**Q** 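Please read through the structure below; I'll follow up with questions.
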Amino acid sequence: MLMIPLCDVTAQFDELCEDITSAIEAVARGGRYILGPNVKAFESEIAEFTGCAHAAGVGSGTDALHLALRAIGIGPGDEVITSPFTFIATTEAILMVGATPVFTDIDPRTFNIDASQIEAKITPQTKAILPVHIYGQPCDMDTIMALAGKHNLHVVEDCAQAIGAKWKGKPVGSFGDAGCFSFFPSKNLGAVGDGGMVTSNSAEVYERVEMLRRHGGRVKYHHEEPGLNSRLDELQAAILRVKFGRLNDWNQQRYTNACRYNELLGLQSGITCPAEISADGYAVATSPDVPSTDLTTVYHQFTVQVDNRDQIQQSLTQAGVGSAVYYPVPLHLQKVHQNLGYSAGSFPVAEQACTSCLSLPMFPHMTDEQIQTSATALIEAVNAAAEGTSRVVRNNAA
Ligand SMILES: *Cc1c(COP(=O)(O)O)cnc(C)c1O
């Protein structure tokens, strides 16, 4: 059994057990189970939180991406530029609307799309850029929005891992035509099941998502186009509203945990800690006193890079420390995308990240002792793997 899990979602429930239980009971007794008052109130809360005029609750983060792309009119023949280092849902949504994903390699220090390489991928077919704020860190939205303006492109942000993150003081999800959020249980704001949200400053985008999520009609039983059944569940919305009250504190706790990891791991050779882009360039997080409202990165994951990753992960498991590989295979090398014509070597930085990335235990309720145990186990595993390698080299030389 693992002593320290990668993520502990029930700790959030334990903290708020009474309030969540009564919220569930109130929905059950109230009898308004679909698109009721909790969905509406939660949509306003998220709109305000992200600084957007509108928000529409949908069935999942994947549906949020799919419906946002459809709402802005992306379809067959269109190209959408995105990162190969993300969860499959990002490109699944592009395929679902009939468009073609076009990948751009990532920045090795932040794991986010390398904005400086995007312009070279733009063709007359390009209709949108889909930045993914991976692991909770915002992409370089200055460069992305400038490119979108210059080439007249739409921007849809994948904010599934980044609720509460800000690029230069502005919340993710408020830059592009639409922001897409996920409330999958392990996300920074997690439901007790699936859920998602589309944020937008465009009334047109909002209204179209709102219509598509309930069978493509503005008026009941009058359908304008094929939609789907993808509504944020009222029960999930009620639970999410209770948890939302704690989101800023929880995100700050994640940030504090990241600072602590950096302190314990930063000077170790063989371990690269995740960098943030700051006003002064790249830096690792070190000041745990940043107010929760000023957080840039919200550390959905704390992901280091190491050589001999698989062996190190095995040692961590043996030591009772949870870890995960997000992601073992870049999207351009997935079977589902083989017809796009990419091959090994197409995006060397993303491929390297897939071989070396390792996410450590990260959740708001971690104790300092758990962080220390995880960090120590990693250092020992890295040292043991390095010794093993040098032994092999010595034996070969002998
Ligand atoms: C989780 C996730 C999604 C999909 O969200 P679901 O709610 O699971 O459908 C999309 N993109 C990224 C980057 C994610 O991490």
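Every number for a ligand or one of its atoms is a count from 1 in the order of the listing. In this text the structure is predicted, and so the values were computed from the model without any measurement. These values consider heavy atoms only, across backbone and side chains, with no hydrogens, waters or symmetry-generated copies.
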**Q** More than 12 non-hydrogen atoms from neighbouring residues, nucleotides or ligands closer than 6.0 Å to CG on Asn152, yes or no?
**A**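 No, because the 6.0 Å sphere around CG of Asn152 holds 12 heavy atoms or fewer from other groups.
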**Q** Taking 4.0 Å as the limit for heavy-atom contacts, which would you say applies to Asp63 with ligand 1: side chain only, backbone only, both, or neither?
**A**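 The answer is neither; Asp63 stays 4.0 Å or more away.
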**Q** Please list, in number order, the atoms of ligand 1 under 4.0 Å from a heavy atom of Ala160.
**A**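 Near Ala160, the atoms of ligand 1 are 2 (C), 3 (C), 10 (C), 11 (N), 12 (C), 14 (C), 15 (O).
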**Q** Does ligand 1 have a heavy atom under 4.0 Å from the side chain of Thr62, from its backbone, from both, or from neither?
**A**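 Both backbone and side chain.
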**Q** When you check the gap from the basic side-chain N to the acidic O, do Glu157 and Lys170 get nearer than 4.0 Å?
**A**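 Salt bridge absent between Glu157 and Lys170.
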**Q** I'd like to know whether CD of Glu48 has more than 12 heavy-atom contacts from other residues, nucleotides or ligands below 6.0 angstrom.
**A**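 Check fails, neighbour count at 12 or below.
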**Q** Should you measure from each heavy atom of Thr86, which atoms of ligand 1 turn up under 4.0 Å away?
**A**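 The atoms of ligand 1 under 4.0 Å from a heavy atom of Thr86 are 13 (C).
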**Q** What do you reckon, is CD of Glu204 surrounded by more than 12 foreign heavy atoms closer than 6.0 Å?
**A**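 Open.
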**Q** Kindly identify the option in Tyr135, Phe85, Phe184, Phe183 whose heavy atom sits closest to atom 8 (O) of ligand 1.
**A**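 Among Tyr135, Phe85, Phe184, Phe183, the closest heavy atom to atom 8 (O) of ligand 1 belongs to Phe184.
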**Q** For the pair Thr296 and Glu276, evaluate side-chain hydrogen bond (donor to acceptor under 3.5 Å, both in side chains) and give the outcome as yes or no after the intermediate values.
**A** CA-CA 8 Å; Thr296 50; Glu276 294 184 21; 2.9 Å; yes
**Q** Below 4.0 angstrom from a heavy atom of Ala89, which ligand 1 atoms are there? Numbered from 1 as shown, please.
**A**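 Counting from 1, the qualifying ligand atoms are 3 (C), 4 (C), 10 (C).
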**Q** By number and element, which atoms of ligand 1 are closer than 4.0 Å to a non-hydrogen atom of Gly61?
**A**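 Those atoms are 5 (O), 6 (P), 7 (O), 9 (O).
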**Q** Tell me, which protein residue and heavy-atom name are nearest atom 11 (N) of ligand 1, and how many Å apart are they?
**A**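 Atom 11 (N) of ligand 1 sits closest to the protein heavy atom Asp158 OD2, 2.8 Å.
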**Q** Assert yes or no for the condition that the ring centre distance of Phe42 to Phe183 is strictly below 6.0 Å.
**A**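 Yes - the distance between ring centres of Phe42 and Phe183 falls below the 6.0 Å cut-off.
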**Q** Who gets closest to atom 2 (C) of ligand 1 by heavy atom: Lys187, Gln301, Gln161?
**A**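 Nearest option to atom 2 (C) of ligand 1, by heavy atoms: Lys187.
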**Q** Would you mind listing which atoms of ligand 1 come within a distance below 4.0 Å of any non-hydrogen atom of Val132?
**A**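 Near Val132, the atoms of ligand 1 are 13 (C).
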**Q** Could you tell me whether Asp307 atom CG has more than 12 heavy atoms of other residues or ligands within 6.0 Å of it?
**A**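 Count not over threshold, so no.
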